[in-house]
*Asks:* 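My questions will all concern the structure given below.
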Amino acid sequence: MEKIIEVMNLTKKYKDLKAIDHLSFDVYKGEILGLLGPNGSGKSTTINCILSLLKFNEGNITIFGKEMTPDSYETKSKIGVVFQEVAVLEELTVYENIDYFCGLYIKDKTARKNYVNEAIHLVGLEDFKKFKPKQLSGGLLRRLNIACGVAHKPSLIFLDEPTVAVDPQSRNNILDGIKTLRDQGATIVYTTHYMEEVEILCDRIIIIDKGNIIAQGTKQELKDLTGIEEKVTVEIDNLEPNKIEDIKKLDNVKEVNYNNNTLLITYKNGKSNFGNLLHYLNKENLVYNKIYSERPTLNDVFLELTGKELRD
Amino acid sequence: MFFHNFKYTLKSLFKNKSLIFWAYAFPIILCTFFNLAFSNIENSEKLNIIDIGIVENKYFQEDTVIKETFTKLSDKNNKDQLFNITYTSLEEVASLLNNDKITGYLILTEDSNKVVIKNNGINETILKYVTEEIFQTKELITNLATNTIKEEIQNGNYPIDYEKIYQGVFDIIQNQEVKINDISNKNLSYTMIEYYTLIAMSCLYGALLAFTAINRTLANMSHTGKRVSASPVKKWKLILSSLLASYVVQLIGITLLLLYTIFVIHVDYGTQILPIISLILLGSAAGLSLGVVISTAFKISENSKTGIVIGFTMLGVFLSGMMGITMKYIIDVNIPIVNILNPANMITDGFYALYYYTNTDRYFFNIISLAIFSFIMIIISSFLLRRQKYDSI
């Protein structure tokens, strides 16, 4: 597979604080790579270093096989960036903003007109072309932010937390748009602390904490790291301690917690875990309000590896 | 890319209501208020002839230049008479001053010439200003004659060419007469300086436009700067096109202010159009370069930068005489370095020099000062703008 980005030993310090600590990873052509980590884990710093906006202390970065520097204009012409913060000009309309940023990449006016209209269509802002940013809701503003970053049809796109604080409708629109970009052949680096988005979008995931990579791989590979296969939650009142001990003895049970009338059972692996539990509850005539089974999430992976929640 | 960024910077600056207020509307509003507030004062003050005293001693009698000049300025047959002079003894003029019968008096001694006043006010400022000018010109004449004689002796030219020296002195006296004629009651408008300072303010407000435009291109200053810096456009193209757009917006603003003052307020800027345009172009460049430095040197919010520019400009124009020529005079006499370094004063004084002086030395001194100020600002900003990667953004 063709490597689009190679990051080797990247280290960035802010005085004594190591924001990134010897980070190394590759991004391959056509994939969506998710950089997942809590706020302050070093995701945006990594992107800013890759884009040659931030100085770094150690390491080497190549994009499209060439070392990335502030003067790498040819490389930059193939990159699109959507920063976490909305970066648009308040005085210009939606159309003008997209045209302005697209114009920094595309000289030809006719071609640019098509690109701008396609970007507007991609993010669903057709009805807001003449609106100014102040007139847009938070979600629409985020969509404009994305359109400004991708209108020139880059082959490598950095999306830094593009869905922070947006409504569900806009989030779906944004996620659909990102899938479309991938389908059109773009390679995407996507940072977020929303594990659901990573699970939906990303082909490969790198989990970062305190500037270090703590795990990387496909969604399944990461989940396998936890040794957790299934989690079952039962809402049940006044469960006696001896019953809890019985449940612990069921096949494949790794851990049992009972708090606030909620029983959480974690299974290592195996089959028929849910069925076995139902059988036990019926046999003991235990009445429950609700019971459901879940596969492990990336949050479980993060919890397992760092001992803390992803959104702490 | 250059024109693309120029076009959109122009568009966004014109659509920025806050900027347009400060750069276009505020100077015109202030101008209107000045006109309403000072026009009556101006009319009444114009009719006043200032009562002064001169100590009639042998030093005064022997000083032909000073004696002749004051005689002309107090000539009752002159419709632009400036002074009404009482020639008397030191005791008498001191008594007249104590009883507020005169604004001040002039005394010439063996070592110095001085003006004695009791209060601060417009009349006192005019008296001091006019006498300082006369003293300086006299010194210039004396030095010229002395130096020319010294040069002739050093060059071994015997006998000395007195005709040449006489001609040099005569030329200066002629210039001085024109100058003194111009500092007459007719032309010595108290409010002219206000309009000059308004133009200076307008020029320096170019800093607001410049830092707004430049901020948008710097990754460490704004979010749009990050986006623009990640694009394949060379930094110098972005900065130059943004500055050019700011310059155009500013010059349109100053043109509007000039047209307003000329056609609505009826301010007379004289006839020297080209020097006036040069002064405005250079003053605006000084404002822009100041804005670039503020934009690059301080990592603070745009509102804070606006505050710095407005504060700096208002202080500058205040010291150069916006609230009255007295302040300019006080600074010029007591702490001249402040006004030498003050770009607002360079612009104000440039206009002043154009209007009141036929000699262009003072005008060119201000023009060169502005050029040096702009050059220093550009050097500082070039140094700060060299960075392409930042420690933090």
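Every chain is numbered from 1 and lettered A, B, ... according to where its sequence line falls, protein lines coming before strand lines. Predicted model only: the values in this text are computed from it and were never measured.
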*Asks:* Answer yes or no: is there an ion pair linking K15(B) with E90(A), defined by an N-O contact shorter than 4.0 Å?
*Replies:*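 Here K15(B) does not pair with E90(A) in a salt bridge, since their nearest N and O are not under 4.0 Å apart.
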*Asks:* Below 4.5 Å, heavy atoms only, C-beta onward: do K389(B) and S52(A) meet side chain to side chain?
*Replies:*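 Yes. Closest side-chain heavy atoms under 4.5 Å.
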*Asks:* Would you name the heavy atoms of A230(B) and L53(A) that are closest together and state the gap between them?
*Replies:*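 Looking at all heavy atoms of both residues, the shortest contact is N-CD2, 4.3 Å.
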*Asks:* Let me know if D71(A) has heavy atoms under 4.5 Å from chain B in its side chain, its backbone, both or neither.
*Replies:*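 For D71(A), the side chain is the part near chain B, not the backbone.
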*Asks:* Shorter than 4.5 Å, heavy atoms on both sides: which option in K226(B), K7(B), K235(B) has the most such pairs with chain A?
*Replies:*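 Counting heavy-atom pairs under 4.5 Å, the top option is K226(B).
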*Asks:* Do Y8(B) and L92(A) have side chains that approach each other closer than 4.5 Å (heavy atoms only, starting at C-beta)?
*Replies:*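 A side-chain contact under 4.5 Å exists here.
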*Asks:* Given side chains that start at C-beta, do those of H223(B) and Q84(A) come closer than 4.5 Å, heavy atoms only?
*Replies:*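 The answer is no; the side chains never approach within 4.5 Å.
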*Asks:* Using a cut-off of under 4.5 Å on heavy-atom pairs, state which of L51(A), N48(A), V86(A), T75(A) scores highest against chain B.
*Replies:*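 Counting heavy-atom pairs under 4.5 Å, the top option is N48(A).
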*Asks:* Considering only NZ, NE, NH1 and NH2 on the basic side and carboxylate oxygens on the acidic side, decide whether E96(A) and K11(B) come within less than 4.0 Å.
*Replies:*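 The answer is yes: the pair qualifies as a salt bridge.
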*Asks:* Below 4.5 Å from any heavy atom of chain B, which atoms of K12(A) appear? Answer side chain, backbone, both or neither.
*Replies:*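 For K12(A), the contact with chain B is made by the side chain alone.
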*Asks:* So what's closer than 4.5 Å to chain B heavy atoms on N97(A): side chain, backbone, both or neither?
*Replies:*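 For N97(A), there is no contact with chain B at all, as no heavy atom is under 4.5 Å.
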*Asks:* Where on F56(A) is there a heavy atom nearer than 4.5 Å to chain B: the side chain, the backbone, both, or neither?
*Replies:*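 Interface part for F56(A): side chain.
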*Asks:* Are the side chains of H4(B) and R112(A) in contact, using a 4.5 Å heavy-atom criterion?
*Replies:*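 R112(A) vs H4(B): side chains touch.
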*Asks:* Top residue by heavy-atom pair count (under 4.5 Å) with chain B, among G103(A), G80(A), S77(A)?
*Replies:*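 Between G103(A), G80(A), S77(A), the count favours G103(A).
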*Asks:* Might you point out which heavy atoms bring V81(A) and R227(B) nearest each other, and give the distance in Å?
*Replies:*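 Of all heavy-atom pairs spanning V81(A) and R227(B), the closest is O-NH2, 3.4 Å.
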*Asks:* Given heavy-atom pairs under 4.5 angstrom as the criterion, report whether the side chain, backbone, both or neither of K13(A) touches chain B.
*Replies:*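 Neither part.
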*Asks:* Taking atom CD of E74(A) as the centre, report whether more than 12 heavy atoms of other residues, nucleotides or ligands fall under 6.0 Å from it.
*Replies:*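 No - once you tally the heavy atoms of other residues, nucleotides and ligands closer than 6.0 Å, there are 12 at most.
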*Asks:* Between K17(B) and E91(A), does a salt bridge (Lys or Arg N to Asp or Glu O under 4.0 Å) hold up when you go through it step by step?
*Replies:* CA-CA 9 Å; K17(B) 286 175 189 161; E91(A) 301 85 10; over 6 Å; no
*Asks:* If I compare all heavy atoms of I106(A) with all of M1(B), which pair ends up nearest, and what's the gap?
*Replies:*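 Scanning both residues, the minimum pair turns out to be N-CE, 4.4 Å.
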*Asks:* Below 4.5 Å from any heavy atom of chain A, which atoms of K234(B) appear? Answer side chain, backbone, both or neither.
*Replies:*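 Contact with chain A is through both the backbone and side chain of K234(B).
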*Asks:* What do you reckon, is NZ of K66(A) surrounded by more than 12 foreign heavy atoms closer than 6.0 Å?
*Replies:*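 Result for NZ/K66(A): open.
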*Asks:* Among side-chain atoms of D391(B) and Y14(A), is any donor-acceptor pair under 3.5 angstrom?
*Replies:*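 Looking only at side-chain atoms, Y14(A) and D391(B) do not form any donor-acceptor pair under 3.5 Å.
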*Asks:* Determine whether Y73(A) and V233(B) make a side-chain contact, defined as any pair of heavy atoms from C-beta on separated by less than 4.5 Å.
*Replies:*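 They are not in side-chain contact.
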*Asks:* Should we count NE2 of H22(A) as having more than 12 external heavy atoms under 6.0 Å?
*Replies:*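 Yes, the 6.0 Å shell around NE2 holds more than 12 heavy atoms from other groups.
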*Asks:* Would you find more than 12 non-hydrogen atoms of other residues, nucleotides or ligands less than 6.0 Å from F2(B) atom CZ?
*Replies:*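 Yes.
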*Asks:* Within a reach of under 6.0 Å around CZ of F318(B), are more than 12 heavy atoms found that belong to other residues, nucleotides or ligands?
*Replies:*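 Not more than 12 within 6.0 Å, no.
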*Asks:* So what's closer than 4.5 Å to chain B heavy atoms on C148(A): side chain, backbone, both or neither?
*Replies:*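 Looking at C148(A), backbone and side chain both touch chain B.
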*Asks:* Under 4.5 Å from any heavy atom of chain A, what part of N220(B) do you find: side chain, backbone, both or neither?
*Replies:*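 Contact with chain A is absent: no heavy atom of N220(B) under 4.5 Å.
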*Asks:* Stepwise, does the side chain to side chain contact (heavy atoms under 4.5 Å, CB included) test hold for T224(B) with Y100(A)?
*Replies:* CA-CA 11 Å; T224(B) 48; Y100(A) 170 61; over 6 Å; no
*Asks:* For F383(B), does the CZ atom have more than 12 heavy-atom neighbours from other residues, nucleotides or ligands under 6.0 Å away?
*Replies:*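 Open.
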